[in-house]
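Please read the structure below before turning to the comments.
Only heavy atoms go into these numbers, but all of them, side chains included; no hydrogens, no water, no symmetry mates. We count ligands from 1, going down the list as the structure has it; atoms in each ligand are counted the same way.
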Amino acid sequence: MSSTKLPFADKKLGQHFLRDKKYIQKITDDFKDQDCLIIEVGPGPAILTPSLAKHDKEFYVVEKDERFFDRLKEHVKEDHIILGDALEQEFAWEGPIWLVSNLPYNISVPLILKFTQKKNIQWMTLMVQKEVGERMLAPHHSKGNDRGSLMCLIENYFDVKMLCHVPPGAFVPPPKVDSVVLSFTRKAKPEITLESFKKYEEFCRILFSNRRKQVGKVLKSKYEKERIERAFKNCGLELTRRAETFHQDEVCSLYKEFHGN
Ligand code: SAM
């Protein structure tokens with residue numbers, strides 16, 4: 001799509017339209033060989049949409065900006081176009097879902113947390129602000145390295161890979177930040193079950209609320225001293241450790257000591 005044809009971009013809705021074909025192709029090919037239903041969130045004026053529609057799978061789109069309806073219906077069945085806030089949708093479609101989105105950056109984290117809780121979403125290809133991507137992409141080596149609560153949550157439920165970096169110049173209008181596209185595959189057996197998502201999320205939030213402070217002290221805002229000491233002892237962890245040095249396995253074992261699975 002050429003830039004002259006693009007409609008006015010509404011900043012409140014995080015609208016930056018991708019116009020570089022090579023990124024469009026990378027994103028829309030990511031899980032095309034899976035047997036799945038495709039959902040695109042925030043299709044805008046049908047940028048990724050035509051290529052996704054060509055995969056010839058059941059295809060739905062969820063878009064808040066009603067201006068795009070006419071463009072979208074050229075590629076998607078009218079009753080498969082949901083005009084509304086993705087944060088308020090149920091995502092209750094049956095069957096394995098591949099969710100694709102060049103996410104509106106202002107609500108990318110709440111949307112990702114929502115998608116994570118939907119078991120049917122098996123694969124995701126998501127464009128996010130580079131800094132948010134770095135908070136989800138676990139380091140390869142085993143110890144710490146800026147692990148935070150979002151990473152601990154995501155790594156428990158998904159295998160995440162970097163698909164590509166996308167510079168501001170690939171969009172109209174260009175955003176002020178760099179972007180990355182990440183590829184997510186849901187783990188068949190997460191260490192902490194999806195039923196425990198809320199509790200695990202709260203635990204991670206508290207654990208990483210002060211990453212440079214000793215974890216034994218941080219957790220006192222929520223748990224009794226004896227319980228903390230017992231949990232750390234059972235996990236073979238030192239109370240003086242800082243959250244930023246924790247490995248995923250250690251976070252999960254500690255969570256289980258406090259809450260079971
Ligand atoms: N898919 C297009 C692309 O790749 O260029 C547009 C992506 S643009 C970054 C984000 C899109 O999400 C916009 O179309 C915007 O209107 C839509 N959007 C913003 N907030 C939304 C929400 N709460 N629910 C659904 N769509 C939303």
Please confirm whether G44 comes within less than 3.5 Å of ligand 1 when only nitrogen or oxygen atoms on both sides are compared.
yes
Report, in ascending order of atom number, the atoms of ligand 1 lying under 4.0 Å from any heavy atom of D85.
22 (C), 23 (N), 24 (N)
For ligand 1, does A86 get within less than 4.0 Å through its side chain, its backbone, both, or neither, judged by non-hydrogen atoms?
both
Sub-4.0 Å heavy-atom contact, E40 with ligand 1
yes
Protein contact of atom 5 (O) of ligand 1 - nearest heavy atom, named by residue and atom, plus distance
L18 N, 2.8 Å
Would you give the length of the straight line joining atom CG of D29 to atom NZ of K54, rounded to the nearest 0.5 angstrom?
10.5 Å
Do any heavy atoms of G84 fall under 4.0 Å from ligand 1?
yes
To the nearest 0.1 Å, how far is atom 3 (C) of ligand 1 from its closest protein heavy atom, and which atom is that?
N102 ND2, 3.3 Å
If you have a sec, work out which protein heavy atom is nearest atom 9 (C) of ligand 1 and how many Å separate them, to one decimal?
G14 O, 3.2 Å
Determine, using heavy atoms of V41 and all atoms of ligand 1, whether some pair is separated by less than 4.0 Å.
no
Check for me whether I107 has a heavy atom closer than 4.0 Å to any atom of ligand 1.
yes
Considering only heavy atoms, which of S108, P7, G42, A46 lies nearest to atom 11 (C) of ligand 1?
G42
What's the spacing between N120 CG and W93 CH2 if we round to 0.5 Å?
11.0 Å
Answer yes if the side chains of T49 and E40 hold a donor-acceptor pair under 3.5 Å, and no otherwise.
yes
Taking everything shown except Q117 itself, do over 12 heavy atoms lie less than 6.0 Å from its CD?
yes
Anything under 3.5 Å between a donor and an acceptor, one on a side chain of residues 123-133, the other on a protein residue two or more places apart or in another chain? List them.
from: T125; atom 1: OG1; to: D30; atom 2: OD2; distance (Å): 2.7
from: T125; atom 1: OG1; to: W98; atom 2: NE1; distance (Å): 2.9

Quick test: of every protein heavy atom, which one is nearest to atom 18 (N) of ligand 1, and how far off is it to 0.1 Å?
P104 CG, 3.8 Å
With nothing but distance in play, are any N or O atoms of P43 less than 3.5 Å from an N or O of ligand 1?
yes
Pairs involving residues 87-110, ordered by first then second residue, that meet salt bridge (Lys or Arg N to Asp or Glu O under 4.0 Å) (sequence neighbours left out):
E90-K118
From E63, K64, Q15 - option closest to atom 17 (C) of ligand 1 by heavy atom:
E63
Please check if any side-chain donor atom of N156 sits under 3.5 Å from a side-chain acceptor atom of E191, or the reverse.
no
Applying a 4.0 Å heavy-atom criterion (strictly less than), which segment of H16 is in contact with ligand 1: side chain, backbone, both, or neither?
backbone
Please report the shortest heavy-atom distance between V181 and V166, naming the atom on each side.
CG2-CG2, 3.9 Å
Check the side chains of T193 and Y200 for a donor-acceptor pair under 3.5 angstrom, ignoring hydrogens and angles.
no
Counting heavy atoms only, which part of L13 comes closer than 4.0 Å to ligand 1: side chain, backbone, both or neither?
both
Other residues, nucleotides and ligands only: do more than 12 of their heavy atoms fall within 6.0 Å of NZ on K187?
yes
